[in-house]
2 protein chains.
Amino acid sequence: MSESADPGAAAARDAYKIDSVALRVDLLNAQFDLRDAGFSALIFLAGDDRDGCEQLDDLLNEWMDTRYLDTRVPERPGRGRPAFEAAWRGLPARGRIGLYLGSWAHRTISRRVLDRIDDDAFEAELRRVRELESTLAADGALILKFWVHLPDEAVRTRLKKTRRGTSTGWRRTKIERRVLERPGVLADVGAKARGLTDTAEAPWIVIDGSDRRARNLAVGRAILAALRNRLQAQTRTAETSPEPEAIPIPAGPGVLAGVDLTRSIGYDAYRDRLGRWQRRLGRLSDRARRRDVASIVLFEGWDTAGKGGAIRRITAAMAAANYRVVPIAAPTQHELQFPYLWRFWRHLPPPGRMTIFDRSWYGRVLVERVEGFTPERRWRRAYGEINEFESQLVDAGIPILKFWLHIDPDEQLRRLEARVRTPYKKYKVTEEDYRNRGRWGDYVTAAEEMIARTSTPAAPWHVVAANDKRGARVEVLEQVCDRLKRAIQDAR
Amino acid sequence: MSESADPGAAAARDAYKIDSVALRVDLLNAQFDLRDAGFSALIFLAGDDRDGCEQLDDLLNEWMDTRYLDTRVPERPGRGRPAFEAAWRGLPARGRIGLYLGSWAHRTISRRVLDRIDDDAFEAELRRVRELESTLAADGALILKFWVHLPDEAVRTRLKKTRRGTSTGWRRTKIERRVLERPGVLADVGAKARGLTDTAEAPWIVIDGSDRRARNLAVGRAILAALRNRLQAQTRTAETSPEPEAIPIPAGPGVLAGVDLTRSIGYDAYRDRLGRWQRRLGRLSDRARRRDVASIVLFEGWDTAGKGGAIRRITAAMAAANYRVVPIAAPTQHELQFPYLWRFWRHLPPPGRMTIFDRSWYGRVLVERVEGFTPERRWRRAYGEINEFESQLVDAGIPILKFWLHIDPDEQLRRLEARVRTPYKKYKVTEEDYRNRGRWGDYVTAAEEMIARTSTPAAPWHVVAANDKRGARVEVLEQVCDRLKRAIQDAR
């Protein structure tokens, strides 16, 4: 009321009204153009001025069209779950805006402010954030991170006035108390976090929160400018951005050439060993279930290499409630609306369970590479993205077993011909299988590079000689038991 | 080994091989035809012979094409979650088969066998199963429920031999012990459960589990016959099945005609009451969060009735982490692959949080009815399905607030014209809005019938006079606070 008595203030208010109306119209138009533009936008509202962030969140929900806007609050991961599982599963689809109250660095910042983690952990966690943002940016996402800043004194003055239990949220109190005890701590930690996660593709934009109207316009205009730039630049850059240089892998004969495909075991030894490992796996699987140890087993390899048979020997050993088999085919239209790894994040095993992938995320660097479904730039990036993905899972206590079932071309031909003669297997054989045989060499190259680039200490590849199906099945079971046992021990 | 010495047994084995090969081919072909048939199939493997069920599960995974097969194990619901949330969320899409190890009656049967529930609860829970199956069948799903049966003596003999910790699963022991204590209890309870959930659209098929091969063939043939029947019948019945008779609703002037649209409150009273209720909602929302009380608020009503404004007055009162707004538009192609309510089940609030729906599942009996997007048969069924859906949520302790914001046609015209004059609201006005005005009477009929049929004691409609926006917002806030408070009290 006092404001309207002051002619200067009234003029400022009127100017804000005019500016914000124009901005709203422009934002709505940009949002509509985004719908068909094939990329998503992620907007983060973080900072020491958390009231300001909540106000901006409300404001952007009012200014923009909420039908194409997903509001998210980054959450702490559940026990034994990877840090960014919820982030991945909640990503906005292409054409949509994800509006985040907070940032993916938020929990790390809070824990550092509260001294729950040291500088090393702080940096390691923020490296994960950088990797995630870089993966999404490479997929085309537009990422804008706002840091709404108030002078330390203003934060403290406001906090002193804030009473617990008001609409500003009960979760803030621990941080609030720490900020009142230690002036400047949030600004310091925040600045360090920004430094570690400020990249060209996901920059931090610091906004002065002192003046509400100026703040609103600054954020709105920054979003508008970024959306417009990207919408205009999109077609221009798609063709011109250079393919990355391939980093050479060690020369010489690959690991596949060295596989001894002549070994085989007799039927009686097979029955014996199979039964023994299956009983063992059954017990381990129940133990994993009781101790909430989730696990992942994935199979890649040549057509007819025996993936299905090996999987059935695993599943037959376990109670059906303890596992799930996920066959991976080409992505659906719906799945194509998200970054490549999104659909695999959605299939992670729940606590205590095993997910078995019949083919996997490695399709990106195998069939998609060889058949040219994916530009080289993208499948080259996939090695690093996959390593990061798997390392997050392993760090969360979820072991990953990766099997390449290896056979030679002659054995494959024998099996294809046997399939054609078997009525219920005929459907598995398509012309593609024979065409793929013509690309055997290309697939060997792709598989060798995949094994070289993604065999990490945490999640190594197991290349299994599979000309002898029996031997392959027993070896797979043995490896699964061994790894699961270690994971259960580590979980104590 | 002894088998092969017996010529009769060898002949039986050979006959089985021949029969099963033919069956596998037929099943694969039927499965391929299903892919484009626009309906899903749900196959349940339940019974007193649980080993047999697991064997059948493995077998069907081997016989059929797992790319179009989703294996599921019905799970117990989490604390405070509706009984069939997981069932809904995990439904197979059209064209796919859901293969369930166990049945949706399974947990109820177990609890009755263990005397954890009485006959009344047993019947009430099975009624829910029947409703769910009937909803899915009405959506076109083919449902087959196998009960694999062994004579009681055989079950007990096998159980005595079974040691804990083998591959058959650690979860069976409590039921096992009870079955050993009380001969026949599982067969009795199972028979009762089948009686209560045996319907024409989701029949139980009892299979004798004594002979493994005969059992396998019987199950496979029953699936094949059902798939083939449905695939052939599909086009025939779609047009001829009769529209259900409408059950008359009470005549006389509807509830909407009785709304007093002339009331209004002054600005000062509004600011006052708004602030008071918002502070209260903020506190209640934090309390709900701490006590894991989830809640749902949904808005329906005329275009321009002020849904967005009312929602913002709710959200402004709460910490952003405590709620989520879900605007409902026409279903996507992906969502159309599932029964109507599927997408709403996916948006249920997590424990402690509020989900606010800007439009809702009632679109089925409003816009889809009036615009003729959905055949009468389907939207008529929706009343009952929605009541069942909401009753499950309320029973799980999740309150539902349903608001119809009511204005008159003159007020709407004023608002549409004002919107056209406001640059950032112009986008909200389309030709459709004006066209819809021509159908005002049809929408009144649909809304009146909706309110009459879906105002249940557990989840009544609140019709809010909204010509006066201020009064409407305050009333909404008051109702939300009131209901949330009761839900928090009930949760103790």
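Here is the naming used below: chain letters follow the sequence lines, and residue numbers restart at 1 for every chain.
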Side chain / backbone / both / neither for A:R324 at chain B, heavy atoms under 4.5 Å: side chain
A:D70 versus chain B, the contacting section by heavy-atom distance below 4.5 Å: neither
Spacing of B:H334 atom NE2 and A:Q337 atom CD [to the nearest 0.5 Å]: 11.0 Å
Distance, nearest 0.5 Å, that separates CG of A:N61 from OG1 of B:T315: 7.0 Å
Separation of A:E62 CD from B:Y424 OH (nearest 0.5 Å): 7.5 Å
Nearest-0.5 Å distance that lies between atom OG1 in B:T66 and atom CD1 in A:I311: 7.5 Å
Shortest non-hydrogen contact from A:D57 toward B:A320: OD2-CB, 4.1 Å
Minimal non-hydrogen separation, A:M318 against B:E54, with atom names: O-OE1, 3.9 Å
Atom pair CZ (A:R353) and CD (B:E75), whose distance is rounded to the nearest 0.5 Å: 4.5 Å
Shortest non-hydrogen contact from B:R67 toward A:P327: CA-CG, 4.0 Å
Spacing of OG1 belonging to A:T332 relative to CD belonging to B:Q333, to within rounding of 0.5 Å: 12.0 Å
Those residues of residues 19-27 of chain A, ordered by number, that approach chain B below 4.5 Å (heavy atom to heavy atom): A:V21, A:R24, A:V25
Region of A:Y323 in contact with chain B, defined by heavy-atom distances below 4.5 Å: side chain
